Structures are given as structure tokens and as C-alpha cells.
*Asks:* 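Quick one: the structure is below, and I'll ask about it shortly.
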There are 2 protein chains.
Amino acid sequence: MQLEKRQLSQSEENYIKAIYALSETCEDTISTNLLAERMSTKASSVTDMLKKLTDKELLTYQKYQGCGLTPKGRAIALSIVRKHRLWEVFLVDKLQFGWDEVHEIAEQLEHIQSTQLTNRLEAFLGYPKVDPHGDPIPNDEGVFDTPAVRVSLASCETGSKGIVMGVDDGSPEFLQYLNKIDLKLGSEIEILEKLSFDGSLLIAMEKRTIQFSHVVAARIFIQPYQS
Amino acid sequence: MQLEKRQLSQSEENYIKAIYALSETCEDTISTNLLAERMSTKASSVTDMLKKLTDKELLTYQKYQGCGLTPKGRAIALSIVRKHRLWEVFLVDKLQFGWDEVHEIAEQLEHIQSTQLTNRLEAFLGYPKVDPHGDPIPNDEGVFDTPAVRVSLASCETGSKGIVMGVDDGSPEFLQYLNKIDLKLGSEIEILEKLSFDGSLLIAMEKRTIQFSHVVAARIFIQPYQS
DNA sequence: CTAAAATTTTAGACGTGTCTAAAAAATAGT
DNA sequence: ACTATTTTTTAGACACGTCTAAAATTTTAG
Ligand SMILES: [Mn+2]
Ligand SMILES: [Mn+2]
Ligand SMILES: [Mn+2]
Ligand SMILES: [Mn+2]
């Protein structure tokens, strides 16, 4: 998969990354409006960009039918995700930033163009498998190293136990809340009770009990014990 | 000196930096053509940019009279130079890049916006005073830490001795040549002979003798021994 | 001092990326 | 099936940064 040499603008890269992220979570064909909302821009701007990226053979897209990444587009998305997550590890592990402070900076650093830099950074960091929020880091070929099973807390049954393996990194405020209750990657959690009427959870974590709303629980991912 | 919040484009930053660099070496008022050549662009593009930066109060500029930096502009230039040189130290010290490989990557990294990142990077690197080419690194206030005396080899007399304190970092090829002859920062040098007709030098370095053209000698800077 | 040459600016154009408003197509409701 | 609504695209505009060609200004030389 020889990419390289094609150099995309930061805008183009951000669109590619957003389409990749939406493809992972939502259905496989991404609507113009969904992408517009994600990019905080207007649908008309999105349409223009979809045309351009389609011309560059990074997207499959047909009028009114939504879009998806081509293999070439996906490879580029993965290289950006790789850089983003490696830089987040650097910021947290080496420069002592908090996990709530790194996303914005990584949004800039992910656009630095140098395969050599990325690979040497990875080696310098000791070939980390996950970023500070538990998200997996693809290797130079865009392959993830068989990620651990991760299940949303919201989808677990009463009585389940597990270890926190990931958290949603979308909002600094949420991560700061997790700081406050001292929840980290690796924390042990047990679901004591699940309140069906509002979806909130009572959980035990290191001898304390905490109440999580459904929204919070949906953003925390654990590896359940097989007990 | 509160700057911040004013965010410049990468283009604007590159112009500011180039004007700063030219102000250091050449006279204090920079001509449009000189800047155009440095930026590898056309004089008309330069004129447009000079107007814009003057509107932002980063330049003093009057039609046909050339330009110079305002204090605010100079502060911005220094913050970019600071970032460039700190990242170069990172690349060489931590990621084992050669001093001939770092300039291009630092050209990108110098535009990352986060004062906190810059300051933490500086601490992580152990508050280096110079970059891998011997150029001084300004502190967070834009102040250089009383740099060592640095004299161009070309301007030294026969018989002078000194330690290499800096080299021109403008071209990777030149730096690779220095690699080949094993000249580094810290190398001890003695000028054995100075050929007046072509300005070339015969120098001794660690028990070897090497011939330098005037062009090469002008790009190497030493701290002379006071003997 | 004046004409030629060099430098610098202006005028007009183009590509990128964005926007608003209007048109076109798809979807939903009756 | 036929509107009404929503989604998406098109049309036209604007800011940015660049270019070429032409005009204006400054500098150099006779
Ligand atoms: Mn992130
Ligand atoms: Mn992350
Ligand atoms: Mn450099
Ligand atoms: Mn340097």
C-alpha cells in the first residue's frame, strides 16, 4: 500500500478522519448532514469536499447516497489516527499532561508529515498498544494488534465485574470528572445495581460506591472478568 | 508582553520568521525582493503579505521603503524560533535523528500552538541552551541566555584555535558533508594556513588536516581560545 | 539632470475552503 | 399517489494566498 507523496491539506485530513470515525461507530455509509454536524460546518461545504476527495479516489460517494472510504482513504485515516494516538501517549507519558489536556494538541500534531518521525516516536514510546484513553494504536501498516474485549459499562449486567480499559475521549469535562472520582485505566469496577427506570448504575470501585448516569456509563468501557 | 489569542496562519508565521532571520544577518530594513527570494515566492505576493502583517501591527512598513518587525512581531518571531529549535533538540536527542534531517520536520512542528507544550518540552529536554546546530534557544520571554562568542571560521587568522560552536543549518547537504569529515559541535580546530588568493583554509582537526573552501569556512563558527 | 534600469506596487486572475440562499431530490405522512 | 418535510446539491459570494502582467516609483548611470 504505497501512499505517501500525495499530500493532503489539514482540512482534507480532518474530513477523512471524521468519516473513518463515523464509519466505525455508525453504519457504513455516512450522510452529508451527519458529517456536517461532526465537522461543525455546513452541508454545502461537506458536499464540496466529498467531491474533491472522491476525485482523489479516497472516497466512494454518489450524489444523495452518502459516502464511505476507499481502501486508500482508509489507509490515510489510519495513519492519522496512529499519529494522533502516539502523540497523546507522548504528551501524557513524557510531558506529564493529563488525559483531559491532550486531545487539542494532538489534533494539531496528527498532521505533521514524516513517516520516519512517527515510527521513531513509536519506538521512543516503547511501542504502546493503546493511547491514554484506551484506544488502540494501529501499526505502520494500519493494523490493530488484536484489541482486548471492551464493553460499555451501560451494556453490562448487575453483578458484572471488570477492569476499565477505555473511556470516551470526546470531552475534557468528562475526563476531568473521571479524574475527580479517581477513575483511571486499570481501575476495578463492579456493578452493584442497575436502575432500570433511568438506566443509572450503582458501582463499586476500590471500596467506594459511585452512582453513574446512563450517559456516563455509556462512555466507560471495561474488560469483564470471565467469572 | 501578552500575545496569544491572535492566531496567525502558517504562511504569516513563516513570513515573520523570515523577516526576523534577515533582520539578524542583514541590515535592519528588509527589501521586498530579498524577502521574496528567501520565501521562494514572488515580490507581489510579498507586498500583499506585508500589508496584511502591517495591518496586524506586526511590521513597520511603508511603500517602497522595505519592512521591519515591531516589538510584537519580534516577540512572535522569537516564539517560533524557540519552538523550532526545541523540536530540533527533541528530534536529535530523543529520537536519534541526524542534525541534517531535522530542519524540515521542525519547520512543521514550529507551528504547533500551545505555550504549555513548548514549555513542558523545554523542561523534558533539560532546558537546552542551543539547538543541534549551535543556535541559541530563547526562553519563554524571548530572551537569549548570553550566547557564547561565535566567530566565523572564514574571519579567523592563521594560527587561531577554537572549538566548533555552531554551523549553518541551511542545507542538509552541507551538514552531511560535515558528518563525512566528522566535524561536530565541540570539535577542536586550528587554522594552519589561509590561502589569500581563494580564501580557502587548511585546518587541523583532531590530528587530521582538512582543506575548507571559503564558502564552507564561512558557515562554520568557532569559539576562539584566548591564548 | 535626465534617461535607462531595477525595484516595488497594483490590477486582475485562479484555486482552496468556507458561507447563505435557492433549487433539486429523497423521504414521510395522509 | 400526492403533498409536505427533510436532506442534499447547486449557485453565487467572499477571504486567503498565490500568480502574471502592467504601472508606478526609486535607483543608477551618462
Ligand atoms: Mn484525542
Ligand atoms: Mn485518545
Ligand atoms: Mn532548522
Ligand atoms: Mn537549527
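Since we're looking at a predicted model, the values are computed, not measured.
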*Asks:* Give the rounded distance in Å between these two atoms: CD of A/E12 and C1' of C/dG15.
*Replies:*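 From A/E12 CD to C/dG15 C1': 12 Å.
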*Asks:* Could you check whether B/K94 makes a cation-pi contact with B/F124, meaning its NZ or CZ is under 6.0 Å from the centre of the six-membered ring and within 45° of the ring axis?
*Replies:*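 Yes, a cation-pi geometry holds between B/K94 and B/F124.
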*Asks:* Tell me the interatomic distance from A/L50, atom CG, to C/dT16, atom C1', rounded to whole angstroms.
*Replies:*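 To the nearest whole Å, that distance equals 16 Å.
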*Asks:* Decide whether a cation-pi geometry holds between B/R74 and B/Y20; the criteria are a distance under 6.0 Å from NZ or CZ to the six-membered ring centre and an angle within 45° of the ring axis.
*Replies:*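 Output no; distance or angle outside limits.
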*Asks:* Side chains of A/S31 and A/N33: do they bring a donor and an acceptor to under 3.5 Å?
*Replies:*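 Checked: A/S31/A/N33 side chains show no N/O donor-acceptor pair below 3.5 Å.
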*Asks:* Would you mind telling me which residue lines up with the more 5' stretch of DNA chain C, A/S44 or B/Q62, judged by nearest nucleotide?
*Replies:*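 Nearest nucleotide further toward 5': that of B/Q62.
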*Asks:* Checking side-chain polar atoms at under 3.5 Å, does A/D131 have a donor or acceptor matched by the opposite partner on A/H84?
*Replies:*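 No - no donor-acceptor pair under 3.5 Å links their side chains.
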*Asks:* Counting only side-chain N and O atoms of B/T41, is one of them less than 4.0 Å from OP1 or OP2 of D/dC19?
*Replies:*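 So the side-chain polar atoms of B/T41 do come within 4.0 Å of the phosphate oxygens OP1 or OP2 of D/dC19, strictly under.
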*Asks:* Ring centres of A/F90 and B/F90 under 6.0 Å apart?
*Replies:*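 Centroid distance A/F90-B/F90: below 6.0 Å, so yes.
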*Asks:* Taking only side-chain nitrogens and oxygens of B/S11, does any of them come within less than 4.0 Å of OP1 or OP2 of D/dT18?
*Replies:*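 For D/dT18, OP1/OP2 do have a side-chain N/O of B/S11 under 4.0 Å.
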*Asks:* A/M49 has an atom CE; how far is it from atom C1' of C/dT16, in whole Å?
*Replies:*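 Whole-Å distance recorded here is 8 Å.
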*Asks:* Going by number, which of residues 15-25 of chain B have a non-hydrogen atom under 4.0 Å from DNA chain C?
*Replies:*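 Heavy-atom cutoff 4.0 Å gives no residues at all.
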*Asks:* Given D/dC16, is OP1 or OP2 found less than 4.0 Å from the side-chain N or O atoms of B/S9?
*Replies:*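 So the side-chain polar atoms of B/S9 never come under 4.0 Å of the phosphate oxygens OP1 or OP2 of D/dC16.
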*Asks:* So what does A/T32 touch, heavy atoms closer than 4.0 Å: a base, only the sugar-phosphate, or nothing?
*Replies:*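 Sugar-phosphate contact only.
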*Asks:* Between A/Q113 and A/E13, do the side chains contain a donor N or O and an acceptor N or O under 3.5 Å apart?
*Replies:*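 Side chains of A/E13 and A/Q113: pair found under 3.5 Å.
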*Asks:* Report the distance from atom CD1 of A/I30 to atom P of D/dT7, rounded to the nearest whole Å.
*Replies:*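 The answer, rounded to whole Å, is 16 Å.
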*Asks:* Report yes or no: does A/H133 contribute a side-chain atom to a donor-acceptor pair with the main-chain N or O of A/W99 at less than 3.5 Å?
*Replies:*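 Yes, because the side chain of A/H133 sits within donor-acceptor range (under 3.5 Å) of the backbone of A/W99.
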*Asks:* Please report, rounded to the nearest Å, how far the C1' atom of C/dT9 is from the OH atom of B/Y61.
*Replies:*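 Spelled out: OH on B/Y61 to C1' on C/dT9 is 7 Å.
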*Asks:* For DNA chain C, whose closest nucleotide is more 5', that of B/L34 or that of A/Q10?
*Replies:*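 Checking each residue's closest nucleotide, the 5'-ward one belongs to B/L34.
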*Asks:* Rounded to the nearest Å, what distance is computed from the CD atom of residue A/E13 to the C1' atom of nucleotide C/dT16?
*Replies:*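 About 15 Å, once rounded to whole Å.
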*Asks:* Between A/D135 and A/R150, is there a salt bridge with N-O shorter than 4.0 Å?
*Replies:*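 Yes, charged N to carboxylate O under 4.0 Å.
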*Asks:* Figure out the CG/P separation between A/D48 and C/dT20, and round it to whole Å.
*Replies:*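 Spelled out: CG on A/D48 to P on C/dT20 is 13 Å.
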*Asks:* Applying a 4.0 Å non-hydrogen cut-off, can you work out what A/T47 is touching in the nucleic acid: base, sugar-phosphate, or nothing?
*Replies:*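 Touches a base.
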*Asks:* Check the phosphate of D/dT6 against A/N33, side-chain N and O only, distance under 4.0 Å to OP1 or OP2. Yes or no?
*Replies:*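 For D/dT6, neither OP1 nor OP2 has a side-chain N or O of A/N33 closer than 4.0 Å.
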*Asks:* What is the distance, rounded to the nearest whole Å, between atom CG of A/N14 and atom P of C/dT18?
*Replies:*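 Rounded to the whole Å, the gap is 9 Å.
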*Asks:* What's touching nucleotides 24-26 of chain D from the protein side, N or O pairs under 3.5 Å?
*Replies:*
from	atom 1	to	atom 2	distance (Å)
D/dA24	N3	B/Y64	OH	3.4
D/dT25	O4'	B/Y64	OH	3.3

*Asks:* Between A/K17 and A/E107, does at least one N-O distance fall below 4.0 Å, as a salt bridge requires?
*Replies:*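 Salt bridge present between A/K17 and A/E107.
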*Asks:* Hey, does the side chain of A/K51 come within less than 4.0 Å of D/dT10's phosphate (OP1/OP2), counting only N and O?
*Replies:*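 Answer yes for this pair, as a side-chain N or O of A/K51 is under 4.0 Å from OP1 or OP2.
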*Asks:* Got a salt bridge between B/E110 and B/R82, using NZ or NE/NH1/NH2 to carboxylate O under 4.0 Å?
*Replies:*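 Salt bridge: no.
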